[in-house]
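Beneath this line is the structure, given in structure tokens, with notes to follow.
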Number of protein chains: 2
Amino acid sequence: MNPAQPTVFVVDDDTSFLTAIARLLKAGGYAFQGFASATEFLAHPPGDQPGCIIVDLHMPGPSGLDLQDALAAVDHPLPLIFLTGHGDIPTSVHAIKQGAEDFLTKPVKGKILFAAIERALARDARQRAQRTRRRELLDRFDALTSREREVLGHVVRGQLNKQIAGNLDVSERTIKAHRASIMAKLQVQSVAELVRLTEKAGVLEQGAGGRQALQGEAPGHAVPGRAQDALPPR
Amino acid sequence: MNPAQPTVFVVDDDTSFLTAIARLLKAGGYAFQGFASATEFLAHPPGDQPGCIIVDLHMPGPSGLDLQDALAAVDHPLPLIFLTGHGDIPTSVHAIKQGAEDFLTKPVKGKILFAAIERALARDARQRAQRTRRRELLDRFDALTSREREVLGHVVRGQLNKQIAGNLDVSERTIKAHRASIMAKLQVQSVAELVRLTEKAGVLEQGAGGRQALQGEAPGHAVPGRAQDALPPR
DNA sequence: CAGCGTACTGCACCAAAGGACAATAGCCGG
DNA sequence: CCGGCTATTGTCCTTTGGTGCAGTACGCTG
């Protein structure tokens, strides 16, 4: 199973359906993996491979929504497509609000299903790229020592070496040393880059309570959304 | 009609329903305004007042979805709640994906409706605050001259005065003058603040094609979403 | 035309940042 | 116990950044 090949995971208690959709998906060029229940899926969670999940709503044991909750609870990033024979509007609304890629009803037209799968896979690829970028950024920050992070915090808030030195009660020369080390480790040449990097990484919200960082991709769906008005030339 | 008082706009061709919900809403403490069709609503678009819209799906003339599209096309920010007697799953999924706050079915329990309204109003308030902040930022940038914006672009990319001077083919002293002016107009004391401000405002993506800026609020719905992993202390 | 804002520039001076070279001290794993 | 990493600091020098003061030039507006 090539890890670069997206896999469609299907969770459905109807084994005959599982067989049928397996054939359909393989014919469509997708790798397929079936599960008879949400429990079974959660017991053998796919690793980091790209793909998406198609899940039935009503199943013995945990329902499709339960699976969605469980996956969200462990931050499992695979996009979810609901595919059910007995859905209702409130349920579909709830599922979509919770971030499901789609909510389809059986019987489903192959074209509709494939379109949903393509959207889900595209979304997965986007999120995957996003995570990779973020991970690379965080790795760079990991190389910083705790003291360096502390100094960084003051630097990106625009404080002068002198002020930082005063705050941390050390010599200005020491701050310069830390700064140099920070710039080297983060591979930036200017304060401007430094600030942008820390902003993008969402690191160092060292405020009291819990820390928040940027969210990878907005949890929602891509509505058409016009570009915000930018500055018109004067 | 107090502009600070949120208004619930209801678009429904059923006048008896309109009357009934008007009573219900007023009893619930909301300002109410009714419209018999999407066309009528679009002909008298509410100004900037806070509120939300409750809209029927099937109506003579433009449907609820058409209204949603029309509002999106003009960037009308009021949250939309669908309330219909004859909805189906695909439609509800579509509406939610397009950013509707909720999709309810008639008859609706008062409690459910009020809950949806409260969510919609809360969202509207959030977006409103966001827009205000953004507007304030953009206003500051509007004070910059075109030349200053040009210099700003180079500054936030971390270029030295000397380099900027070379690029724009002017004296370094001139750049210093522009910088000083920029800092003053944007009311910042350091390059760090400057960078953060421009990032936040999403200004100056002066690249060739269309420009993109930050989106006010993510178009989607607030899924629980755990905070991203921040840097653990070393 | 006078006044105003904008762009541009020179000179001088001071403050801040950054690099080079060097050194002391504590902590930790092998 | 030694080597390596980290934190700390010093001195000296160079490069940058920021500001005050001053002056020229251009275009727009009353």
Side-chain angles (χ1 to χ4, degrees), chain A residues 138-199 203-204 206 230-234, chain B residues 138-199 203-204 206 230-234:
Chain A
L138 289 181
D139 282 348
R140 289 207 250 168
F141 281 97
D142 275 341
L144 297 182
T145 69
S146 124
R147 191 58 158 174
E148 283 164 355
R149 259 193 287 279
E150 199 172 359
V151 172
L152 174 59
H154 291 89
V155 171
V156 299
R157 263 146 56 202
Q159 292 194 284
L160 301 180
N161 286 344
K162 191 183 298 185
Q163 299 175 306
I164 303 175
N167 287 333
L168 302 186
D169 197 44
V170 293
S171 146
E172 185 182 339
R173 185 63 190 79
T174 305
I175 302 302
K176 288 189 182 181
H178 284 312
R179 273 182 91 134
S181 175
I182 292 169
M183 304 286 279
K185 287 181 178 176
L186 296 187
Q187 303 164 44
V188 294
Q189 332 297 317
S190 64
V191 182
E193 291 176 73
L194 189 63
V195 172
R196 255 208 303 280
L197 208 66
T198 60
E199 287 284 301
V203 198
L204 62 73
Q206 75 244 46
L231 286 185
R234 204 158 195 261
Chain B
L138 290 181
D139 282 347
R140 289 206 250 168
F141 281 96
D142 276 340
L144 296 182
T145 69
S146 123
R147 192 57 158 172
E148 283 163 354
R149 258 193 288 278
E150 200 172 358
V151 172
L152 173 60
H154 291 89
V155 170
V156 298
R157 264 147 54 200
Q159 293 195 285
L160 301 180
N161 286 342
K162 191 183 298 185
Q163 300 176 305
I164 303 174
N167 287 334
L168 302 186
D169 197 45
V170 294
S171 144
E172 186 181 336
R173 183 65 186 81
T174 304
I175 302 303
K176 289 188 180 183
H178 285 312
R179 274 183 89 136
S181 176
I182 292 170
M183 304 286 279
K185 288 181 177 175
L186 296 186
Q187 302 164 46
V188 294
Q189 332 296 319
S190 65
V191 182
E193 291 175 73
L194 188 64
V195 173
R196 255 207 304 280
L197 208 65
T198 60
E199 287 285 300
V203 198
L204 61 73
Q206 75 246 45
L231 285 186
R234 202 157 195 262

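In what follows, every chain begins at residue 1, and chains take the letters A, B, ... in the order their sequences are listed. Keep in mind the model is a prediction, meaning the values are calculated, not measured. Values below: all heavy atoms of this structure, side chains included; hydrogens, waters and symmetry mates excluded.
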Residues B:Leu144, B:Leu186; criterion side chain to side chain contact (heavy atoms under 4.5 Å, CB included); working and verdict: CA-CA 8 Å; B:Leu144 296 182; B:Leu186 296 186; 4.3 Å; yes

Closest contact, heavy atoms only, B:Val156 versus A:Ala192: O-CB, 3.4 Å

Close side-chain approach of B:Leu194 and A:Val195, heavy atoms under 4.5 Å: no

Distance in angstrom units between A:Glu150 CD and D:dA7 P, rounded: 10 Å

Close side-chain approach of B:Gln163 and B:His154, heavy atoms under 4.5 Å: no

Distance test, side-chain N/O of B:Thr145 to OP1/OP2 of C:dA7, below 4.0 Å: yes

For atom NE2 of B:His154 and atom C1' of D:dG17, their distance in whole Å: 18 Å

Protein-nucleotides 8-18 of chain C N/O pairs closer than 3.5 Å?
| residue | atom | partner | partner atom | Å |
| --- | --- | --- | --- | --- |
| C:dC8 | OP1 | B:Arg147 | NE | 3.1 |
| C:dC8 | OP1 | B:Arg147 | NH2 | 2.7 |
| C:dC8 | OP2 | B:Arg147 | NE | 2.9 |
| C:dC8 | OP2 | B:His178 | NE2 | 2.9 |
| C:dT9 | OP2 | B:Ser171 | N | 2.5 |
| C:dT9 | OP2 | B:Thr174 | OG1 | 2.9 |
| C:dG10 | OP2 | B:Ser171 | OG | 3.4 |
| C:dG10 | O6 | B:Arg173 | NE | 3.3 |
| C:dC11 | N4 | B:Arg173 | NE | 2.9 |
| C:dA16 | OP2 | A:Lys162 | NZ | 2.7 |
| C:dA17 | OP2 | A:Asn161 | N | 3.2 |
| C:dA17 | OP2 | A:Asn161 | ND2 | 3.3 |
| C:dA17 | N7 | A:Lys176 | NZ | 3.4 |
| C:dG18 | OP2 | A:Arg179 | NE | 3.1 |
| C:dG18 | N7 | A:Lys176 | NZ | 2.8 |
| C:dG18 | O6 | A:Lys176 | NZ | 3.3 |

Bend angle of the helix from C:dC1-D:dG30 to C:dG30-D:dC1, end axes from five pairs each (to 10°): 40°

All pairs passing side-chain hydrogen bond (donor to acceptor under 3.5 Å, both in side chains) where residues 178-193 of chain B contributes a residue, at least two apart: B:Glu148-B:Ser181, B:Glu148-B:Lys185, B:Asn161-B:Arg179, B:Ser190-B:Glu193

Closest approach of B:Met183 to B:Val191 (non-hydrogen atoms, all atoms of both residues): CE-N, 4.1 Å

NZ/NE/NH1/NH2 to OD/OE distance under 4.0 Å, A:Arg196 and A:Glu199: no

Student check: side-chain heavy atoms of A:Val170 and A:Arg147 closer than 4.5 Å: yes

